[in-house]
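Worksheet: one structure, shown below.
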Protein chains: 2
Amino acid sequence: MKQVVVGVEEVATVLKLLGDKTRLTIMALLDNNDCCVCELVEIFQMSQPAISQHLRKLKDVGLVKETRKAQWIFYSMNKEHEMYSLIKDILAHIPDQQEKLKELEKKGTKISCE
Amino acid sequence: MKQVVVGVEEVATVLKLLGDKTRLTIMALLDNNDCCVCELVEIFQMSQPAISQHLRKLKDVGLVKETRKAQWIFYSMNKEHEMYSLIKDILAHIPDQQEKLKELEKKGTKISCE
DNA sequence: TTTTTATATAATTATATTATTATATAATAA
DNA sequence: TTATTATATAATAATATAATTATATAAAAA
């Protein structure tokens, strides 16, 4: 992957955003799947506004994108972001988080949004 | 470099620490040179206690080590830390910071501590 | 021994962050 | 149209972070 070098300040901003367990895990999930808010609420057992606010922060710097599909809003990784190669490098250091989605399916809780 | 995979929580902790411009730059400097506190104070134009407190946070999780040499305390990167490969991957994304040290030398301000 | 220099720590203050509760909006279902 | 569902936003409260000022410690110099 191309090694993009950007300013210290920009990198620090991204690191601060990913320096939160919830947001870091969200990014790991979004790297492989798009997710809607209700799935994330289920996975993290956290209030809907809390999840929305984490997503907002990630969206504000353009790291994730949102797409409305009917009543649901799906979030996805912005792989065109100039920081995406940094994100990938970081995610390579944490364990796969996809089981969290699989568990949701098993529990049948796999929410309406599909 | 070996790709060490550790827990999400631990990675988030490191990212939060490096999610500060000053600490991120300190880490970039220490990756190539040991530095004493007074040099960092000069470079960052920041109070001595402020620098000491940043160093303390990095030391508390073991990312940096300190060595006393006479009246000075030199800080260095702990390259044996299990997170060091993550650190390296991150530092690859920011510009070289060594000129900051060179500037110090030029200014002749290159402090007593050598 | 006293003074000076380098650094750490404690106390404080200002600011930022995170989560909760309450409310608004937008789409669908009844 | 009204009710319901999914999500966002605003207000608030609790907590964390970062910087400053004041003080302590440890080594070296006088």
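Labels below follow one simple rule: chain letters A, B, ... track the order of the sequence lines, proteins then strands, and each chain is numbered from 1.
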Residue-phosphate contact under 4.0 Å: B/Tyr75 side-chain N/O, C/dA8 OP1/OP2
yes
If you assign B/Ala50 and A/Arg68 each to the DNA chain D nucleotide with the nearest heavy atom, which residue ends up on the more 5' nucleotide?
A/Arg68
Quick one: does A/Glu10's side chain have a donor or acceptor within less than 3.5 Å of a partner on A/Gly7's backbone?
yes
Residues from residues 54-61 of chain B lying under 4.0 Å of DNA chain D - heavy atoms:
B/His54, B/Lys57
Donor-acceptor pair, side chain of B/Arg68 and main chain of B/Ile73, under 3.5 angstrom
no
For A/Ile51 and C/dT21, give me the distance from atom CD1 to atom P, rounded to whole Å.
15 Å
Taking CZ from A/Phe74 and C1' from D/dA8, how many angstroms apart are they, rounded to a whole number?
17 Å
Donor-acceptor pair under 3.5 Å, B/Gln48 side chain vs D/dT21 base
no
Closest nucleotide among C/dA8, C/dT7, D/dT7 to the A/Cys36 side chain:
D/dT7
Donor-acceptor pair (no angle test) under 3.5 Å: B/Gln53 side chain, D/dT17 base
no
Check every strand shown and say whether B/Ala70 touches a base, only sugar-phosphate, or nothing at a heavy-atom separation below 4.0 Å.
sugar-phosphate
Please examine the side chains of B/Val64 and B/Ser76, heavy atoms only from C-beta on, and report whether any two atoms are closer than 4.5 Å.
no
Using the side-chain hydrogen bond (donor to acceptor under 3.5 Å, both in side chains) definition, which of the options A/Asp89, A/Asp31, A/Asn78 pairs with A/Tyr84?
A/Asp31
From CD1 of A/Ile73 across to C1' of C/dA26 the rounded distance in Å is 9 Å
Is any side-chain heavy atom of B/Ile90 closer than 4.5 Å to a side-chain heavy atom of B/Leu15?
yes
Classify the nucleic acid contact of B/Phe44 as base, sugar-phosphate or nothing, counting any heavy atom under 4.0 Å across all strands shown.
nothing
Gap between atoms CG and P, on A/Leu40 and D/dA6 respectively (whole Å)
14 Å
Under 4.0 Å, heavy atom to any atom of DNA chain C: which of residues 15-24 of chain A qualify?
A/Lys16, A/Asp20, A/Arg23
From CE (A/Met27) to CD1 (A/Ile87), nearest 0.5 Å:
4.0 Å
Spacing of A/Gln71 atom CD relative to C/dA27 atom P, expressed in whole Å
11 Å
Nearest listed nucleotide, side chain of B/Trp72, among D/dT7, C/dA6, C/dT21:
C/dA6
Identify the nucleotide, in any strand shown, that forms a Watson-Crick or G-U wobble pair with C/dA30, with both distances under 3.5 Å; if there is none, say none.
D/dT1
In whole angstrom, give the distance that lies between atom CE of A/Met46 and atom C1' of C/dT21.
16 Å
Less than 4.5 Å apart, any side-chain heavy atom of A/Ser52 and any of A/Arg56?
no
So does B/Val61 get a backbone contact from the side chain of B/His81, meaning a donor-acceptor N/O pair under 3.5 Å?
yes
So, do A/Tyr75 and A/Leu40 sit near enough that their side-chain heavy atoms are less than 4.5 Å apart?
no
Step-by-step side-chain contact (heavy atoms from CB on, under 4.5 Å) determination, A/Ile43 to A/Leu29:
CA-CA 11 Å; A/Ile43 289 174; A/Leu29 284 166; 4.0 Å; yes
Specify the separation, in whole Å, of atom CD1 of B/Ile26 and atom P of C/dT7.
13 Å
Closer than 4.0 Å, any side-chain N/O of B/Ser47 to the OP1 or OP2 of D/dT20?
yes
